[in-house]
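All values derive from a computational prediction rather than experimental measurement.
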Amino acid sequence: NTRFDIESEDIKSFSDILGQRMPVRYLKRVVKKKRPAHGYIFSGQDGVGKRTTAYAFAMAINCKDPHRGDACGRCITCRQIKNRVFGDIIYIEPEGQFIRISQIRELIRKMEYRTDQGVWRVVIIDKAEYMNSESANSFLKTLEEPFPWNIIVLIVSDTDSVLPTIRSRCHKINFMPIPVSDIINWAMREYSLSEEDARILAVNSDGSLGRAVELISSDFLKKRHEYLMRLMDTVNLSVDDIFDMAHLLSTGYKKGKGSGATDENELFTMLHVWKTWFRDLVAVKSGADESVLINMDYSKKLSNISKSHKIDKLVDCMELMETLERDLLGVRNTEISISNMLFGLRENYRKKRD
């Protein structure tokens, strides 16, 4: 059956894809020529539109009345796809940690059946780099001897994460981070944000529309100020206060980890905001133009604070947070790792001594 990953998400046409002009232009040419390859790899960071574009491609290649390589959105096939009742789109994602051999075997069984005349079956394998060795080898046989009525789209974060034997049998399409200006215009249009708030959101989304949506849903614009105020307070914390803060952050992180709660992501979001602050301080200290600042609304404060710090100490602060991020993803003691970061931050972020 068709598997749509986000039930509330509309299936878009190429004209609605944000910030991916080159991939869309290439795929439109494929649709116009009506000679798709049997395999494609869509690579790029999360949230830049790879999956959305895969569905747009599936709709365009099956559209009864395409216009300049894009789906009409009105024919019976387009309506079926938009209403999620088109039977020849198959979506696969990891079950747990990996895409398993049982999933690939079931997929191959489905791909053997012919589609209706003139209809392409589009198989979308999300996070395809998470095929285990057994499933990847089984899938390779399908790529070596493809069924002619199937189109396979592998969605990955990095092309190099896919087996070379699979890479060599697919056309590779790279998705770039979405331009800041596009995310600003989108946020102002879709969420009625002010230009200043939309810009703050855009520069903190790292070129990912998916990330921008997450930030909006988590009330990032308000929390960002709270995170920065917490950072300012860290310099003056006592030893006991730092241990208390580390315990609080660690408890929230452990509670959220793997449960779908927000505490885990909030810790990483806070660290992201803190890193942008030190990145901006380094930029100001180096004489960069105000327009490159992520926290542009704090430009005066950044200018004043930068006068009292040395660049090497500011860089050390960023490295402390990057070390903590690695520790959080590993098996280190969370509370000790956070304490070490906070103590190091307090020491390095003190005003320089003449």
Across all chains, not counting sequence neighbours, the side chain to side chain donor-acceptor pair (under 3.5 Å) partners of Thr159 are Ser43

dist Ile166:CD1 -> Glu129:CD (nearest 0.5 Å) comes out at 11.0 Å

Residues passing the salt bridge (charged side-chain N to carboxylate O under 4.0 Å, His left out) test with Lys28, sequence neighbours excluded, are none

Applying salt bridge (charged side-chain N to carboxylate O under 4.0 Å, His left out) to Glu214 and not counting sequence neighbours gives Arg211

The reported gap from CZ in Arg105 to OG in Ser135 (rounded to nearest 0.5 angstrom) is 10.0 Å

Anything under 3.5 Å between a donor and an acceptor, one on a side chain of residues 140-147, the other on a protein residue two or more places apart or in another chain? List them.
{"from": "Glu144", "atom 1": "OE2", "to": "Arg169", "atom 2": "NH2", "distance (Å)": "3.4"}

For residues 111-142, the ring pair (Phe, Tyr, Trp, His ring centres under 6.0 Å) pairs (sequence neighbours left out) are none

Applying side chain to side chain donor-acceptor pair (under 3.5 Å) to Ser168 and not counting sequence neighbours gives none

Between the CZ atom in Phe278 and the CG atom in Leu231, the distance rounded to the nearest 0.5 Å is 4.5 Å

With sequence neighbours left out, the residues meeting side chain to side chain donor-acceptor pair (under 3.5 Å) with Gln45 are none

To the nearest 0.5 Å, atom CZ of Arg224 lies from atom CH2 of Trp274 at 15.0 Å

Does this structure show an ion pair linking Arg51 with Glu93, if we count only N-O contacts that are shorter than 4.0 Å? no

The complete set of ring pair (Phe, Tyr, Trp, His ring centres under 6.0 Å) pairs with one or both residues in residues 194-249, sequence neighbours excluded, reads Phe243-Phe343

The ring-ring contact (aromatic ring centres under 6.0 Å, His included) partners of Phe98 (sequence neighbours excluded) come to none

Hits for salt bridge (charged side-chain N to carboxylate O under 4.0 Å, His left out) against Arg21, two or more places apart or cross-chain, chain-then-number order -> Asp182

Quiz item: Looking at Glu347 and Lys313, does any basic side-chain N land under 4.0 Å from a carboxylate oxygen?
Solution: no

Report task. Taking only Lys NZ, Arg NE, NH1 and NH2, and the carboxylate oxygens of Asp or Glu, determine whether Arg109 and Glu106 approach each other closer than 4.0 Å. Result -> yes

Residues passing the ring-ring contact (aromatic ring centres under 6.0 Å, His included) test with Tyr191, sequence neighbours excluded, are Trp186

message: Under a plain distance cut-off of 3.5 Å, with no hydrogens placed, do Thr323 and Arg326 share a side-chain donor-acceptor pair?
response: yes

Test side chain to side chain donor-acceptor pair (under 3.5 Å), reference Arg121, set Asn150, Asp116, Asn62, output is Asn150

query = Taking atom CZ of Arg68 as the centre, does the number of heavy atoms from other residues, nucleotides or ligands within less than 6.0 Å exceed 12?
reply = no

Apart from Met188 itself, members of its ILVMFWY cluster (side-chain separation under 4.5 Å) are Val180, Ile184, Val203, Ile294

*Could Asp197 and Lys222 be called an ion pair, given the rule that one side-chain N must be under 4.0 Å from one carboxylate O?*
no

Could you check Ile81 against Ile89 for side-chain contact (heavy atoms from CB on, under 4.5 Å), going step by step and ending with a plain yes or no? CA-CA 8 Å; Ile81 292 175; Ile89 296 177; 4.0 Å; yes

NZ (Lys172) and CZ (Arg167) are apart, to the nearest 0.5 Å, by 7.5 Å

Within 6.0 Å of CE in Met176, more than 12 heavy atoms from elsewhere
no

